[in-house]
Amino acid sequence: MSVRLLYIEDDREIGSFVCKHLEKQGYEVHWVTSGESALKAAAGCKLVILDVMLPGLDGFTVGQRLKKADPAVPILMLSARTSIDDKLQGLQFADDYLTKPFHPDELTARIEVLLRRSGAAGSEPVAVKHLLVYEQQNRVVNSTTGEEITLTGKQFHIFSYLLRHLGQIMTKEQIYEAVWGESFIEGDKTLMVHIRYLREKIELNPAAPEVIETVRGIGYRVRP
Amino acid sequence: MKKLVKRPRGPRFHQTLLTRYLLIILFAFLFIPIIFPLASFVYMLTEEYTSSRNEDYLKYGDGSTLEAMWHQEASQLDEETPEQTDRKLQEMKRNYPEGSFFWVDASGETQLQLPRQEQLPERWTHADAIRYMKKHIDGDPYTVVAFIGPDNSGAGFMVMQLPRSLIQLSTPVGAGTPFYIAFLFIMFAFFVLLSLLFFRQIRRRLLRLQSAMKVHGSDGLPMPIVQKKQDEIGELEAAFNEMTDQLRGSKERESAEEELRKRLIANLSHDLRTPLTVMNSHAYSLRGEALSEHGKAAVKQLEQKIASLGSLIENLLSYTLMTGGRYPLKLEQLDVLRLVRESAAAWYPLWEQEGIEPDIDLPGEPIIWRVDKEGFRRVLDNLFQNIVRHAHNGQYIGLSSETREGQTALVISDRGAGMESESSGKGAGIGLAIVEYLIAEMELEWRTESTANSTRISIFPRQLQT
């Protein structure tokens, strides 16, 4: 069964285009043109794509009400308002904020990330190179041999953080702070040591890593 | 024309501090001419009262009463009948048992003595009489001498002596002086206390006003204070409250204006971006169609232009906000290398896509500058975007640091055609104008060294400049 998305957009042209694009990607899209109808149509949707400038109730209010009704459903703000204030206001309740004009591929990529993060994508494993990662079950399987790879808590935490930001480069500080929950002190080698052990377990050749890529001077990345 | 200035109605005269001060001064002036006589008067009154009360305790009345009585008795006697005089003296002795009495006849013979006094001469000469008088003036016992006969006209005389303690108060003259001084002292202390309280109250109210000016409410403005009295300080407090009201009003107007301006720009941005989004979606749809190579290139070009138009709108609107002073920066101590790394991480995929090779050689130690987080990111974004747009031919971007006069500077370099060259995407330079503005606002400096095939931008704190 395809994943059902709620899309709130008052502009007909943009709306019909996005609908077609997302349906082509295999999603079931429920498109409404006002905030009031959005609140009624939210049931059963796994993700909400929300415009800010709407007739009647504005996007911020609709978003806050939707989030209150079901905090587990991720909200992606899709807005032509680009000011920092708007972004900050939106991100107080929304999970992501994309500004118009946007690239349709970027929209699909962000939707995938949000669905994966919320667990709405189901227990479908994420395939990265030769690995299959079952994030819900904390399992990593080598798909070529079928062997299960045992990772320590921190190793899995680091790996899943990079997977959640698939294709994005994350800096050492970002990874450290997300996994350890405390601020990174420059010169701390803890993260490097953990990544070295992690690579020994998941890479085919730890000397020439392919799964976790080092971006010199910046950080690490897992490419899809 | 003379402008009429409406003076605010001041406090009523009797409510003013001036009145109260004048009262105190008046009191001070009256101190000597009023308080001293008043005190003396009060003293005398009390003295009179107490002494008259004491007089009741004098058995035989005071000296003058006795003297009058003695002369009266003497005037009723006759020199020719000594028995009568003897009888009178005996009667007097009965009436005044503490007294001593004697009389001398016209020939100077001492007659009856009650009791007998050895020192009295038997026969009085003139010298004896004068000596006796001199001895007993103001002495103790109290002595009264009266000539016998009608109108005290005789040559004989009779004498009465009484101990002074019987006819005079035992309290010495001026016994009330300490009370008098104490009264003056109390009045003086009262005056000092009154002045002290007066000035202390003024001081306290002024201090309260001062602290009210220093204490700021949640909106950064002084809080109004409670006006308790209608005097000059009360007026000052009222004026202060009026001033804070005006400040608050103007601040509210300012923030409402700012809000309006921001909303206008947000709406403008929305109205410009919506058609761009539609154009973008149509261009994207075209990709799915069967197109010639030329058509595909045109679609790609279209998409690029839409993207750059989007960022141009963004920059233009930001620039409008910034130059209007409506883009407040929050400067804080931040590790700029961290911001550079995060920004580079976001740009990295695009650099790769454009074939630009990043060369990142940043120091391990953090560089702490006082910057606005979003502002600094904006600077980096605009500089990186510039490189992607105008210098991608150099296929290189370098992020490093260098030491300039003992302080670390951030260096962004590329191998493009240089900033002076004509680039196909070159516009009005709003992106760089924003960089210029933000760098100045964050108290930083930037230097650009541009040649025909490279550009080097270094950013460093302003105090590096000598």
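Letters A, B, ... are given to chains in the order of the sequence lines, protein chains preceding strands, and every chain is numbered from 1.
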task: Name all residues meeting the side-chain contact (heavy atoms from CB on, under 4.5 Å) criterion together with A/Glu177; count only those two or more places apart in sequence or in a different chain, and write none if there are none.
output: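 A/Glu177: side-chain contact (heavy atoms from CB on, under 4.5 Å) contacts with A/Glu173, A/Ser183, A/Phe184, B/Arg338.
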What's the spacing between [X] [atom1] and [Y] [atom2] if we round to 0.5 Å?
| X | Y | atom1 | atom2 | value |
| --- | --- | --- | --- | --- |
| A/Ile202 | A/Leu151 | CD1 | CG | 7.0 Å |
| A/Leu115 | A/Arg110 | CG | CZ | 14.0 Å |
| A/Asp51 | B/His270 | CG | NE2 | 5.5 Å |
| B/Leu383 | B/Ser343 | CG | OG | 9.5 Å |

- For each of A/Arg221, A/Lys172, A/Met170, tally heavy-atom pairs with chain B at distances under 4.5 Å, and name the one with the top tally.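 Among the listed options, the one with the most contacts to chain B is A/Arg221.
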Between [X] and [Y], does the ring centroid distance fall short of 6.0 Å?
| X | Y | value |
| --- | --- | --- |
| B/His282 | A/Phe17 | no |
| B/Trp446 | B/Phe460 | no |
| A/Tyr161 | A/His157 | no |

Checklist entry - Within a strict 4.5 Å, meaning less than it, do heavy atoms of the B/Trp347 and B/Asp381 side chains meet? => result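 Side-chain contact under 4.5 Å: yes.
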query: Do B/Tyr284 and A/His21 come within less than 4.5 Å of each other through their side chains, counting heavy atoms only?
result: yes
Inset, instruction - Go through the steps to decide whether B/Arg389 and B/Ser311 satisfy the test side chain to side chain donor-acceptor pair (under 3.5 Å), and finish with yes or no. - result: CA-CA 12 Å; B/Arg389 270 201 217 145; B/Ser311 65; 2.7 Å; yes
Turns out that what part of A/Arg12 lies under 4.5 Å from chain B's heavy atoms comes down to neither
Would you mind checking which part of B/Asp271 comes under 4.5 Å of any heavy atom in chain A, side chain (CB onward), backbone (N, CA, C, O), both or neither?
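When you check distances to chain A, no heavy atom of B/Asp271 falls under 4.5 Å.
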Within residues 370-378 of chain B, contacts to chain A at heavy-atom distances under 4.5 Å involve B/Glu374
Practice problem: Could you have a look at B/Arg341, B/Glu365, B/Glu314, B/Glu342 and say which one has the most heavy-atom pairs with chain A under 4.5 angstrom? | Solution: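 So the answer, after comparing B/Arg341, B/Glu365, B/Glu314, B/Glu342, is B/Arg341.
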Of the listed B/Leu268, B/Leu317, B/Val278, the one with the largest count of heavy-atom pairs under 4.5 Å with chain A is B/Val278
Residues 96-107 of chain A vs chain B, non-hydrogen distance cutoff under 4.5 Å, contacting residues -> A/Lys100, A/Pro101, A/Phe102, A/His103, A/Pro104, A/Asp105
Less than 3.5 Å apart, which donor and acceptor atoms pair up between the side chains of residues 329-336 of chain B and the rest of the protein, not counting sequence neighbours?
residue: B/Asp335; atom: OD1; partner: B/Leu337; partner atom: N; Å: 3.1
residue: B/Asp335; atom: OD1; partner: B/Ile367; partner atom: N; Å: 3.0

